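This report concerns only the one structure given below.
Predicted model, so just to flag it, every value in this text is computed and none were measured.
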Amino acid sequence: MDVKGSRVFASLTNDMLSRKAEEKRDFPDRTIDVWATGTITLKPDRARVHFIVSTSQGKETAPDAKNSVTRRSDYVIQTLHTHNVKEGDVIKTSSLTRSDGLFHMVTEISVVFVDFTKCENVCNFLVEKLDDTVHISEPHFYHGTQSLDSVRRQACLLATQNAHQKASEMARFLRQALGPPLVIREAETKEWEGPSFQQDSSSNRQGSQTFQQRLTNATFHVSTKVFASFEIHTRDKAKEVKT
């Protein structure tokens with residue numbers, strides 16, 4: 001029985017050849033490709049508290065309603081000044097309404113604290129000194145816009161630094177010299193508030209929370225992943241390039 005030999009031919013199309021050539025040009029054979037992540041955590045730097053002063057019951061005249069609220073709202077303002085809260089961080093608004101022939105006055109004092117210990121001290125002091133006609137909201141923690149922009153940049157730079165360090169250690173382990181980066185690309189960025197590991201914190205957000213729980217739930221995290229490709233050289237070659 002005769003068995004005839006067979007031949008297999010393979011060829012690359014022009015598109016495939018050009019793509020291979022482009023890849024070879026952009027990514028030389030001697031490269032180290034790495035992924036690295038940089039994560040930065042930032043606690044809130046501001047807390048907003050609302051002090052709402054209102055009449056305990058309607059007053060027959062508008063001046064009586066105003067005087068009833070003014071005494072207590074002035075006491076709140078004086079307490080803030082005593083604790084060295086800046087005037088620019090305090091906003092006061094008042095509204096006078098009339099219902100069933102009686103006047104009702106409500107004054108809201110919105111305060112931004114940058115010192116959280118001071119925030120605690122002021123709130124605790126006023127709770128002790130004032131009655132139920134003064135409502136003090138729970139502190140709302142948040143970040144300034146510039147702070148968030150800065151921490152996003154830091155996360156990206158940290159990821160790039162980690163990529164370079166990882167590639168350097170790999171090259172050193174292989175007894176090679178790390179060359180310049182060919183590509184550095186930001187691949188993914190994740191942002192979240194709350195516990196460090198994006199765990200479900202819904203249980204902490206329900207009902208009453210302590211001061212520290214609110215602070216933790218408002219803590220900002222940003223994690224950036226980058227891809228980087230570096231040239232590698234033999235140590236002798238690297239010395240030639242330096243000379």
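Every residue meeting the ring pair (Phe, Tyr, Trp, His ring centres under 6.0 Å) condition with F141, not counting sequence neighbours, appears here in chain and number order: F116, F211. Evaluation of the ring pair (Phe, Tyr, Trp, His ring centres under 6.0 Å) rule for F220 yields H143 as partners, not counting sequence neighbours. Remark: T39 pairs with S223 by the side-chain hydrogen bond (donor to acceptor under 3.5 Å, both in side chains) rule, at least two apart or across chains. Residues satisfying the side-chain hydrogen bond (donor to acceptor under 3.5 Å, both in side chains) criterion with D64, sequence neighbours excluded, are T61. Residues passing the side-chain hydrogen bond (donor to acceptor under 3.5 Å, both in side chains) test with S137: none are found, sequence neighbours excluded.
Side-chain atoms of T31 and L182, non-hydrogen and from C-beta on, do get closer than 4.5 Å to each other.
The line from CG of L215 to OG1 of T210 is 9.0 Å long, rounded to the nearest 0.5 Å. Atom CD1 of residue I184 and atom OG1 of residue T160 lie 5.5 Å apart, to the nearest 0.5 angstrom. Considering NE2 of H221 and NZ of K190, their distance stands at 14.0 Å, rounded to 0.5 Å. In this structure, the separation between CD1 on I32 and CE on M170 is 5.0 Å, given to the nearest 0.5 Å. The CG atom of L126 sits 10.0 Å away from atom CD of E128, with the distance rounded to the nearest 0.5 Å. Rounded to the nearest 0.5 angstrom, L174 CG and I232 CD1 are separated by 6.5 Å.
Taking the six-membered ring for Trp and the full ring otherwise, F51 and H135 have centroids separated by 6.0 Å or more.
Among all heavy-atom pairs drawn from A159 and A36, the shortest one is O-CB, 3.6 Å.
The existence of a salt bridge linking R152 and E191 is confirmed by a sub-4.0 Å separation between a basic side-chain nitrogen and an acidic carboxylate oxygen.
At most 12 non-hydrogen atoms from other residues, nucleotides or ligands lie less than 6.0 angstrom from NZ of K66.
Legend: side-chain hydrogen bond (donor to acceptor under 3.5 Å, both in side chains) pairs involving residues 72-99, not counting sequence neighbours, sorted by first then second residue: S68-R72, R72-T133, S94-T107.
Judged by distance alone, the side chain of D45 and the main-chain N or O of G144 form a donor-acceptor pair under 3.5 Å.
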